[in-house]
Each structure stands twice: as C-alpha cells, then as structure tokens.
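What follows is a single structure, written as structure tokens, with notes after it.
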Amino acid sequence: MERRKLLNSELHRLTVDEFRNAGKNGVVLILDNIRSAHNVGSAFRTADAFLADEVALCGICAVPPSPEIHKTALGAENSVAWKHFDTAEDAIAYYKDKGFKAVAIEQTENSIKLNDFKPDAGEKCAFVFGNEVKGVSQKAVDMSDISVEIPQYGTKHSLNVSVSIGIVLWDFVEKIRLP
C-alpha cells in the first residue's frame, strides 16, 4: 500500500474567496481575554479547518493584522471573519441575539461532559474559550446557556486553549455531520 505524502496542490483546499463564500458549520469561537497572540492565531487556523462562521476576539485578545497571530494562523486570519468586542459578555449577547446557543467550555457545577454534549440538528453554537490562566470569566459562564467540560484523566486540570479549541470544534463538526 502506497502512503506517499500528498502535495499541497493535491489537497484541493479552498481559496480564501471560496472559503468566504462556502457554507459554514454554524459555529463561532468567542475568545475571552486570550493573552497569547499565538493562541489567537491557532484559533483562527482551527476555525478555518472546521468552517467556523467567525471568531470573536474579546478584551485583551490580539487582533489582526499581527505578526504573532500570522505566525500560527498561516493566513487563516484573512479567511475567517472576526469581530472585536470589549468583553466576552458583549459577544455572548450579540451571538445569542443572532440565534446561537452560548456554550462555555469550562469546568463548572453541572457541566456536561463533551462526549455527552449533543447539539440539536441545525443548532448554531457560540463556544466560549477562556483565558490561559483564569479560564472563562464567571460573568461569561453565567450568561452562557450551558457549560461543557472536556474530560481529563491526568494530574493537570486544564488543556492549552488552542488544544481545547481543536478538540471541541472537531467534536462539534463530527456530531453535526453524522446522519
């Protein structure tokens, strides 16, 4: 069995214009005071990979154009739509008004394990991801419709925010695409 690595030209990726015009997956990332521009760039790249509608950059998040964002986004900051909000609460209110379910990705009382999270058919979700040290703010948790937690089994209580974004978006897209 041949397992030659594919060339970029063989991957049939969308152009930036094709991405902008493509049907999206009904998902928004709300980044609540993410302090690392590299994590913001990674969020853009992951949002591009899973056809996210847009990224909401809140509070202290770096915004494009930024060399640090570009270093990890690799141009995805040019394909994925984004908005800046003063606070995550402002972003949550905005997206809830547009019909998105606000989902805080945080360890809370009565949180739902990610493997048990079942989005309804056609449901649009705005996933709220928190600061690298403090997590999702309590005010943002309070405004969210539900909290979802990524199960973890080791000694640490958290994952890097960019890893969490990848896990949650992959899981969401897999669940909404299942027949």
Side-chain angles (χ1 to χ4, degrees), residues 14 18-34 39-64 69 73 76-132 134-150 159 161-179:
L14 300 176
E18 289 170 335
F19 179 90
R20 288 181 182 151
N21 294 315
K24 302 300 188 289
N25 281 320
V27 62
V28 167
L29 306 180
I30 297 176
L31 306 184
D32 183 5
N33 287 303
I34 304 298
N39 282 336
V40 171
S42 180
F44 271 103
R45 192 165 164 189
T46 304
D48 178 283
F50 293 108
L51 287 172
D53 296 47
E54 56 190 45
V55 175
L57 304 170
C58 306
I60 65 169
C61 288
V63 298
I69 289 174
E77 74 277 23
N78 300 317
S79 58
V80 178
W82 63 274
K83 290 180 175 51
H84 184 268
F85 295 86
D86 289 337
T87 67
E89 298 82 47
D90 292 341
I92 292 167
Y94 175 85
Y95 290 106
K96 285 177 80 166
D97 190 51
K98 298 215 172 284
F100 286 81
K101 178 184 226 174
V103 181
I105 305 302
E106 188 58 86
Q107 298 157 334
T108 68
E109 294 175 342
N110 302 310
S111 62
I112 299 166
K113 300 292 186 201
L114 181 62
N115 44 306
D116 294 328
F117 172 61
K118 308 283 190 249
D120 295 328
E123 184 171 56
K124 300 186 301 184
C125 289
F127 292 108
V128 185
F129 295 92
N131 175 275
E132 293 90 339
K134 298 177 182 178
V136 178
S137 71
Q138 185 63 54
K139 287 181 181 179
V141 168
D142 292 342
M143 284 187 70
S144 296
D145 298 301
I146 61 170
S147 294
V148 170
E149 178 178 343
I150 300 169
L159 297 166
V161 66
S162 65
V163 172
S164 295
I165 291 168
I167 291 169
V168 170
L169 284 189
W170 178 85
D171 181 75
F172 178 76
V173 169
E174 282 296 302
K175 287 174 179 171
I176 64 168
R177 289 180 179 261
L178 291 174

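- L169 CG to C125 SG: the interatomic distance, rounded to the nearest 0.5 Å, is 10.5 Å.
- The minimum heavy-atom distance linking F19 with A52 is given by the pair CZ-O, 4.2 Å.
- Considering CZ of F129 and CG of L29, their distance stands at 6.0 Å, rounded to 0.5 Å.
- Annotation: side chain to side chain donor-acceptor pair (under 3.5 Å) contacts involving residues 44-61, sequence neighbours excluded, comprise D48-S79, E54-K83, E54-Y95.
- Screening I165, L31, V55 for a side chain to side chain contact (heavy atoms under 4.5 Å, CB included) with F44, the sole residue that qualifies is V55.
- Between D32 and K134, no side-chain nitrogen of the basic residue sits less than 4.0 Å from a carboxylate oxygen of the acidic one, so the salt-bridge criterion is not met.
- Side chain of K124 to backbone of K98: a donor-acceptor contact under 3.5 angstrom is found.
- Atoms CD1 and OG, from I167 and S162 in turn, are 9.5 Å apart once rounded to the nearest 0.5 Å.
- Residues G130 and I34 share a closest heavy-atom pair of O-CD1, 3.0 Å.
- Of the possible donor and acceptor atoms, one in the side chain of K96 sits under 3.5 Å from a partner among the backbone N and O of M143.
- For the residue pair G23 and L51, the shortest heavy atom distance occurs at O-CD1, 3.7 Å.
- Remark: H84 NE2 to D86 CG distance equals 6.5 Å, nearest 0.5 Å.
- Under the side chain to side chain contact (heavy atoms under 4.5 Å, CB included) rule, I30 has a single partner from I92, V103, D90, I105, which is I92.
- Pairing each heavy atom of G166 with each of F50, the nearest pair is O-CE1, 4.4 Å.
- Using a 4.0 Å cut-off between charged side-chain N and carboxylate O, E89 and K139 make no salt bridge.
- For the pair E77 (side chain) and P64 (backbone), a donor-acceptor distance under 3.5 Å is absent.
- Counting heavy atoms from C-beta on, the side chains of L57 and V40 come closer than 4.5 Å.
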Set out, in order, the CA-CA distance, both residues' side-chain angles and the distance that settles side chain to side chain contact (heavy atoms under 4.5 Å, CB included) for N25 and R177, then state yes or no. CA-CA 9 Å; N25 281 320; R177 289 180 179 261; 3.3 Å; yes

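- In terms of heavy-atom proximity, V168 sits nearest to I150 at CG2-CD1, 3.9 Å.
- The nearest pair of heavy atoms linking V128 to A140 is CG1-CB, 4.4 Å.
- In this view, K113 and E149 satisfy the side chain to side chain donor-acceptor pair (under 3.5 Å) rule, not counting sequence neighbours.
- To the nearest 0.5 Å, atoms CG (L114) and CG (D171) are separated by 4.0 Å.
- Relative orientation of the F117 and F127 rings is perpendicular, given thresholds of 30° and 60° on the angle between their planes.
- If you take CG on N78 and CZ on R20, they are separated by 7.0 Å, rounding to the nearest 0.5 Å.
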